[in-house]
Amino acid sequence: MSPPLPAFLLLISIAFTSASVVPLQPGFYAETCPEAEFIVKDVMRRNMIREPRSAASVMRFQFHDCFVNGCDASMLLDDTPNMLGEKLSLSNIDSLRSYEVVDEIKEELERVCPGTVSCADIIIMASRDAVVLSGGPDWEVKLGREDSLTASQEDANNIMPSPRANASLLMDLFEGYNLSVKDMVALSGSHSIGQARCFSIVFRLYNQSGSGKPDPTIEPRYKEKLNRLCPLGGDENVTGDLDATPTMFDNRYFKDLAAGRGFLNSDQTLYTFPETRKYVALFSKDQRTFFNAFVEGMIKMGDLQSGRPGEIRSNCRMVNSRPVNALLES
């Protein structure tokens with residue numbers, strides 16, 4: 001039986017479904033900043049040429065942002081003397097990177113149409129473009145979000161799953177956001193591109209569940225490869241490919257899971273749990289079905305909003321300066 005959803009996540013789920021939210025729509029900037037989507041895609045393309053890993057990093061921003069109090073760019077805020085933000089949370093520190101890509105996009109948008117395009121919408125557009133430019137599906141994004149006025153490291157720590165999570169925990173987490181098991185498995189396909197650190201898998205290789213033994217679900221030859229990459233006592237910051245085609249967005253990730261070659265524990269358990277295994281099998285055989293499910297999941301995840309007050313930041317790393325009287329009233 002799956003463990004009960006933590007009370008904290010239940011409260012977050014209630015907030016998402018009951019709060020007053022900003023209406024989102026395709027083409028939101030058609031009149032106010034018609035070049036917005038072109039600029040975002042162009043900057044993403046340039047950055048992927050300079051640093052191919054930026055595609056996977058930026059694509060995952062949507063998940064890390066939207067699951068923590070909605071899609072509001074809270075994850076982009078730097079710490080202040082009065083606020084511990086999300087960048088140093090357990091799931092983000094030494095994991096998320098390429099914040100400078102969003103900075104570059106924002107700078108170009110501010111030059112063309114200042115004070116118009118939110119950082120939250122930049123994350124949504126850039127995540128989509130990272131997928132497209134890696135050979136994945138394209139889709140029309142809904143826009144019109146505002147940027148948060150604060151961030152919470154505690155919320156990020158309480159919500160975001162670890163690489164040790166299993167499919168049962170992930171199903172419970174996604175259910176709290178009205179995302180189905182199919183959505184969860186499809187969105188896990190974001191690991192079709194990118195890499196992860198040895199830190200995230202050494203327990204699988206040498207001490208799975210405290211047994212002092214490796215995870216028995218790892219295919220033997222793949223385990224030998226991982227042992228060479230991540231030796232016991234070695235450098236845990238060394239990175240390994242999440243699937244066999246780490247720069248191409250395709251269904252290879254699911255083929256690898258079916259063959260026992262999932263890099264992360266949270267990935268491989270998608271094949272060992274009956275509720276998720278059927279979707280792994282389906283997506284491994286039919287890339288188009290995976291692409292369609294992934295797009296559907298990304299759109300649904302992009303709809304998550306907390307309903308909290310927001311603004312259009314001029315710098316994605318900090319809230320805008322506010323008049324003294326506004327600060328006294330808040």
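Bear in mind the structure is a predicted one, so any value in this text is a computation, not a measurement.
Of the N and O atoms on the side chains of Asp256 and Tyr222, not one donor lies less than 3.5 Å from an acceptor on the other residue. A side-chain donor-acceptor contact under 3.5 Å links Arg197 and Asn237. Side-chain atoms of Gln208 and Asn265 include a donor-acceptor pair closer than 3.5 Å. Side-chain polar atoms of Ser74 and Asn69 form no donor-acceptor pair below 3.5 angstrom. For the 3.5 Å distance criterion, the side chains of Asn92 and Glu86 fail to qualify, holding no donor opposite an acceptor. Using modelled atom types, one finds no donor on one side chain facing an acceptor on the other under 3.5 Å when comparing Asn82 with Thr80. Ser148 and Arg313 form a side-chain donor-acceptor contact under 3.5 Å, judged by distance and modelled atom types alone.
Within the 4.5 Å cutoff, side-chain heavy atoms of Leu229 are placed close to those of Cys198. In this structure the side chain of Gln62 never reaches within 4.5 angstrom of the side chain of Met125, judged on heavy atoms. Residues Glu146 and Glu311 have side chains not in contact (no heavy-atom distance under 4.5 Å, counting atoms from C-beta outward). Two residues are said to be in side-chain contact when any heavy atoms from C-beta on lie closer than 4.5 Å; Gln287 and Phe291 meet this criterion. Side chains of Val101 and Met44 form a contact here, defined as non-hydrogen atoms less than 4.5 Å apart.
Applying the 6.0 Å contact sphere to CD of Glu35 captures no more than 12 heavy atoms from other residues, nucleotides or ligands. Surrounding CD of Glu31 are at most 12 heavy atoms belonging to other residues, nucleotides or ligands under 6.0 Å away. Other residues, nucleotides and ligands contribute at most 12 non-hydrogen atoms within 6.0 Å of the CE atom of Met248. Atom CZ of Arg50 sits in a crowded spot, with more than 12 heavy atoms from other residues, nucleotides or ligands closer than 6.0 Å.
Here the shortest heavy-atom pairing between Asp65 and Asp72 reads OD2-N, 3.1 Å. The nearest pair of heavy atoms linking Tyr253 to Leu242 is CD1-O, 4.4 Å. In this structure, Thr276 and Ala167 approach most closely via the heavy-atom pair OG1-CB, 3.9 Å.
The line from CG of Leu264 to CZ of Arg204 is 7.5 Å long, rounded to the nearest 0.5 Å.
Aromatic rings from Phe61 and Tyr99 are positioned such that their centres are separated by under 6.0 Å. In summary, the aromatic rings of Phe249 and Phe290 are positioned with their centroids under 6.0 Å apart.
Residues forming a side chain to side chain donor-acceptor pair (under 3.5 Å) with Asn227 (at least two apart in sequence, or on another chain): Tyr206, Lys223.
Applying the disulfide bond (SG atoms under 2.5 Å apart) test to every pair with at least one member in residues 271-304, sequence neighbours left out, gives no pairs at all.
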